[in-house]
4 protein chains.
Amino acid sequence: VSGSARARLFRQMYPEPGGANGSNWLNRFLVTAILAAIATSILATEPELTNGAPGLFEGLEYFFGVIFLLEYCARLWTAAERPGDAGAWSKRLRYAVTPLAMVDLVVVIVSLSPLLFADATILRALRLFRLITIAKFGRFSRAFREIGEAMAERKYELAVTMALAGFLLLFGATALYLVEGDVQPEKFGSIPRALWWSIITLTTVGYGDVSPVTPLGKFLAAIIALAGIGMVAMPTGIMAAAFSEAMQEWREAHREDEPPDEG
Amino acid sequence: VSGSARARLFRQMYPEPGGANGSNWLNRFLVTAILAAIATSILATEPELTNGAPGLFEGLEYFFGVIFLLEYCARLWTAAERPGDAGAWSKRLRYAVTPLAMVDLVVVIVSLSPLLFADATILRALRLFRLITIAKFGRFSRAFREIGEAMAERKYELAVTMALAGFLLLFGATALYLVEGDVQPEKFGSIPRALWWSIITLTTVGYGDVSPVTPLGKFLAAIIALAGIGMVAMPTGIMAAAFSEAMQEWREAHREDEPPDEG
Amino acid sequence: VSGSARARLFRQMYPEPGGANGSNWLNRFLVTAILAAIATSILATEPELTNGAPGLFEGLEYFFGVIFLLEYCARLWTAAERPGDAGAWSKRLRYAVTPLAMVDLVVVIVSLSPLLFADATILRALRLFRLITIAKFGRFSRAFREIGEAMAERKYELAVTMALAGFLLLFGATALYLVEGDVQPEKFGSIPRALWWSIITLTTVGYGDVSPVTPLGKFLAAIIALAGIGMVAMPTGIMAAAFSEAMQEWREAHREDEPPDEG
Amino acid sequence: VSGSARARLFRQMYPEPGGANGSNWLNRFLVTAILAAIATSILATEPELTNGAPGLFEGLEYFFGVIFLLEYCARLWTAAERPGDAGAWSKRLRYAVTPLAMVDLVVVIVSLSPLLFADATILRALRLFRLITIAKFGRFSRAFREIGEAMAERKYELAVTMALAGFLLLFGATALYLVEGDVQPEKFGSIPRALWWSIITLTTVGYGDVSPVTPLGKFLAAIIALAGIGMVAMPTGIMAAAFSEAMQEWREAHREDEPPDEG
C-alpha cells in the first residue's frame, strides 16, 4: 500500500480548517450519505411506507451500512497518518478507542444487523454533527466555545430566572390543584398532574387536553397566564440573547480568519 | 397611432422611481383592480357565497380578466418605447418572453377561461408584488437587496440554529415515538408522525390533536417543551433581526434619496 | 352662584398637567367610579350573578348613572370658565357639541335607561381613557404623540412586513385549501375557511378546531408553521419596538419636565 | 453550653455574603433537604404513587419535619448571637416573632401533623427562597433591588401598555360576546365568560375549549388576534427588558465585588 495514497486519503477525510479543500467531495458525499441514512431511518418507522415497499428500506439500510463500514475501515487505515511517533497499529488502536470511532462502529453494527432498526436515528444525527465538526473544525469549535462562554457569563441570570420560572410553574400547579382537583381528579388531582397543565399553559402550547372548568379555576388560570408567560419565557430569552451575542462575536472573529479568496 | 401618446402611456405604466408620478392614477387603479380580483377569487371559493349570488363572481372574474387583457395589450404596445436600438416588434417580442409578461398572460387566460377558477389567487398575489416592485422600483428593490445581504451575512448563524432546531425536533419526535408509539400508534406510531407532534408543540401552536397521555410521555414532553421552544424560535428570531436591520438601513438610505418635497 | 366656587371646581375637573393637583381627589373618585361602573357592566352580563342578586346590578347601574349625570352637569356648568371671550352659555354650547361631551351624554342616557345594559361597557372604557388623558394631559398626550411619530417613521417596514405576512397567510390558506379541501370541506372547503386555519396557526394560537389530517396536509402545515410564524410576528415586533422607543423618549423628556420635588 | 460552639453554628447558619463559607455544607444540606421535601410534597399528592408505597411518603414527611424542627431550634438557640445589647432570651423572642421564623414554625408544625399534607408545598418553596437569600445575601438582595428599581423606572410604560392590553382584552371579549353570545351561550353568554376566551387567545395559549363558530365571529377573532397579540405581550416584554437590564447591571457590579480567587 502506497503511503502517499494513504496520506492523500487522510487529508481528504480530515481537511484542515479554512483550507482549500475544507468541504471536499469526500466529506460532501459522506454528509449526504448520513443525511440520506437519517431520512431512511425516519421514513422506515412509518408502517404505511414499509408495507408499500417491503424490501426497499431494508436494502437502503444495508447499502448505507456498507458505505459506513467502508468509511470506518478507511478512517482506521489512515489513522496511521495521525501526528505522533507511535507505530501505525498503535495509532490505529488509539483511534479505535476514541468515543467518535466507537460511535461509528456502533452505527455500522446497528445498520448491518437486521434488528434495532429505528433506534439508530439519533446516533446518526450525532454522527452528522461530528462530521460537520471535523470538516469545519476551525469554524464550529470556536462557535460552540463562544456559546459556552456566553452561557457561563450569564449563569446567575439563568439561575435566577429559572428559579422564578420554576416557582411560578409550581405555584400555578398548586393553585389549580387546590381549586380544580376535586372537579377534574383525572387532570388536576395531584400536583404532578397539575404541573403538566401549568407547563403546557405557560409555554403557550395549550393543547387543550387539560384546562380549568370552574369559574374560580378559569379566573386563577387567566391571572397566572397573563403574569407568568413572560416569566417562563425569560430563561430561553436570556439563552437566545447569549447565543446571538456569541454568534456575532464568532462571525466577526471568523471573518478575520478567512482567506481573502473566500471573502 | 401617435408616438407621443405611446410614450406618455409608457411613462404612466413604468414610472421612474422617486419621480413625481411614482404612484400615479393608472398604477393605483391597477393595484386596486388586482386587490379586488384577489378578494373576488378568495370569496369565490366559498360555496355559501357563490350559491347566494350564482352569476356575480363569474361576472366579476370576466370583468377583471378584460381589464388585465387591456393592461397586457397596453404593456405589449408600449414595449416599443423601451430603451434600445431594436425595432418596435422586436422589443415587443423580447418583452413578451420575460417571466413577468408570461405570468400576466397566464393570469389573463385563466381569468377569461371558465375553468381553474380559484387557483389563480396566488398568481395574482405574485402579480401584485410585481406591480408594487415596478411602481416603486427604487424603493423596494433596495429593501429586498438589503434583506438579502443581511440574511447572507448571517448565514452561519442561520445554519447553526437551524441544525440545532432540526436536531431538537428530531430528538423530541424520536423520544415520544419510543415512549408513546405503542400506546397511541395512530399518533406516535412512527417518527414522521411524531415529528408532526414535535413541530406543532415546539412552535407553540399546540392544536391538541396529538399530545402524550402516559406519565413518562408527559414528563418528557414537558422537558422538551421547556428546553426546546426557545431553540426552535431562534432561526426566526435571527431572520427577524436581519430583516429589521436591513429595513433600518434601507430607511436611512431611502430618506437621503427622497426629493425634499416628500420629506 | 359664586364665580369663585365655579372656578375652583373647574380647576379640580381640569387640573393642569404636572401641577400639584394633577391627580386630585375628584379625578380619583371619578376614575374609581368609572372603573367600578365598567366592572358592574361586565359582571351584569353574567346570568348566574344577576339571577343571584336580581336588583343589585340594576341599582348599581342607576347609582353610577346619577354620578355621571352630576359630573356631566358640573362639566357643563364649569364650561363657562374655559378660556375665551364668548359668553358663559355660548361656551357651554360649544362644550356640549364636542365629541367627548357627547360621549358623556350618551353614557348617562344609556345608564339611566333600563335598556341597552351591556353595550355601555366599551363606551365607558373610552371615557376612562379620556379621564386619564385629561388628568395627566401633559404626560400622556406626549406619550401618544411619540408613539404616533415612531409608527409613522416605520411605515415602510410596517407596510413591507404586513404585505409579506398577508401573502404568507394567503399562501398557507390556499395550499391547505387545495390539499385538504376535499377531505375536510367544512374546515378547508374554501379559502376564507382556510384563512381561519392559517391565521390561528401562524399566530400560534392553535385552538385545534381546524387542523390538517392528511399526511401531505400535515407536511405542508409543518413547513408553513416553521417558516411563517416568525414572518407573521414581524409587524407586531416592529410596532412593539416603535412603541418601546417612543416610551423611552417620552420618559426621558418627561423626567426633565418634572418638578424637582417629584424626581 | 459553650458560647464558642454557638457562635460557630451561628456563623454557619448565617454566613457573611461573599465570605469563604458563603455556601457551606450546612446551608447546602438545608437547601437539599428543602428541595427534597418539596419534591416529596409534590409527589405525595399523586394517588398512584401513595397507593404504591403507603407508608413511604408519610415517613419522609416526618423525617423532613424532624430536620426542620432541629433547624428551627438551632436558629432559636443561636439567635442569642445576633448583634445587639439585649439578653439572649430577649433576642430569641425577637427572632421568634419575625415573619421568617413564624413561617419556619408553621412548616414544622404542618410537617409533623398528619393533616394538611400537600398545602405545605408553597410554604416550603418560600422557605427555599429565604435560605438562598440568607446564604447569598450580598448577591441576591442587590439583584432584587436592581430589578425593583428597573421596574419602577418603567412604571409609566407598564401602566400605558397594561391599560392598552386590558382595553384590548375587554374589547375582544365584548365583541365576541355580542356576536357569539346567542350561538354559544355557555362560552360567550356573558362578558366574563368571553374574557376567558380573549385572555386564552391573546396570550396565544389557545386551548380550544372556547372558540368562535360563526363566520362573523371567526372574522372578528382573526382581526383581534392579528392586532392584539403583540399588544398583550407588550407589558411582559417591558418587564423582561427591565429584568434583563437589571441583571446586567447587577452582574457587572457583582463582578467587581467578588474576591479575586473566585473570578
Side-chain angles (χ1 to χ4, degrees), chain A residues 153-161 163-164 166-171 173-175 177-178 181 185 188-195 197 200-213 215 217-219 221-238 241, chain D residues 38-39 41-50 118-119 121-122 124-126 128-129 132 136 139-140 143-144 147 162 165-166 169 192-193 195-196 198-211 229 232-241 243-244 246-248 250-251 254-255:
Chain A
E153 215 176 293
R154 279 175 172 83
K155 67 182 169 193
Y156 295 117
E157 275 107 316
L158 283 172
V160 171
T161 50
L164 282 174
F167 178 74
L168 222 87
L169 289 169
L170 188 54
F171 177 82
T174 308
Y177 157 68
L178 294 173
F188 291 101
S190 73
I191 294 178
R193 293 175 193 201
L195 266 170
W197 168 81
I200 293 306
T201 297
L202 291 181
T203 55
T204 79
V205 172
Y207 289 130
D209 58 342
V210 184
S211 65
V213 294
K218 286 182 174 180
F219 178 75
I223 302 290
I224 290 163
L226 285 171
I229 284 165
M231 209 67 224
V232 170
M234 232 175 253
T236 57
I238 287 169
Chain D
I38 290 173
S41 298
I42 290 173
L43 295 175
T45 62
E46 175 57 55
E48 289 193 23
L49 291 173
T50 46
D119 305 6
T121 311
I122 288 297
R124 276 194 192 116
L126 285 170
L128 181 69
F129 269 80
I132 291 166
K136 318 219 164 189
R139 287 179 179 167
F140 281 90
F144 287 119
I147 292 168
M162 282 170 114
L169 289 169
R193 292 174 193 203
L195 266 169
W196 171 247
S198 73
I199 290 172
I200 293 306
T201 297
L202 292 180
T203 54
T204 78
V205 171
Y207 290 129
D209 58 341
V210 184
S211 64
I229 284 165
V232 170
M234 231 175 252
T236 58
I238 287 170
M239 266 189 276
F243 185 88
S244 170
M247 292 304 289
Q248 212 164 347
W250 166 71
R251 192 175 59 192
H254 172 64
R255 212 179 280 153

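Residue numbering restarts at 1 for every chain, and letters A, B, ... go by the order of the sequence lines.
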Check each atom of A:Val210 against the heavy atoms of chain D and say whether the ones under 4.5 Å are side chain, backbone, both or neither. backbone
Indicate yes or no: at least one non-hydrogen side-chain atom of A:Thr203 is less than 4.5 angstrom from one of A:Ile229. no
Using side-chain hydrogen bond (donor to acceptor under 3.5 Å, both in side chains) as the criterion, list what pairs up with A:Ser190, not counting sequence neighbours. D:Glu46
If we define contacts as heavy-atom pairs under 4.5 Å, which of A:Ala227, A:Ala225, A:Ala233, A:Pro192 has the most with chain D? A:Pro192
side-chain contact (heavy atoms from CB on, under 4.5 Å) with D:Leu169: which residues, sequence neighbours excluded? A:Leu226, D:Leu195, D:Ser198, D:Ile199, D:Leu202, D:Val232
Considering only heavy atoms and a distance below 4.5 Å, find which of A:Gly208, A:Ala221, A:Gly181 pairs most often with chain D. A:Gly208
Output the distance between atom NZ (A:Lys218) and atom CG (D:Asp209), rounded to the nearest 0.5 Å. 6.0 Å
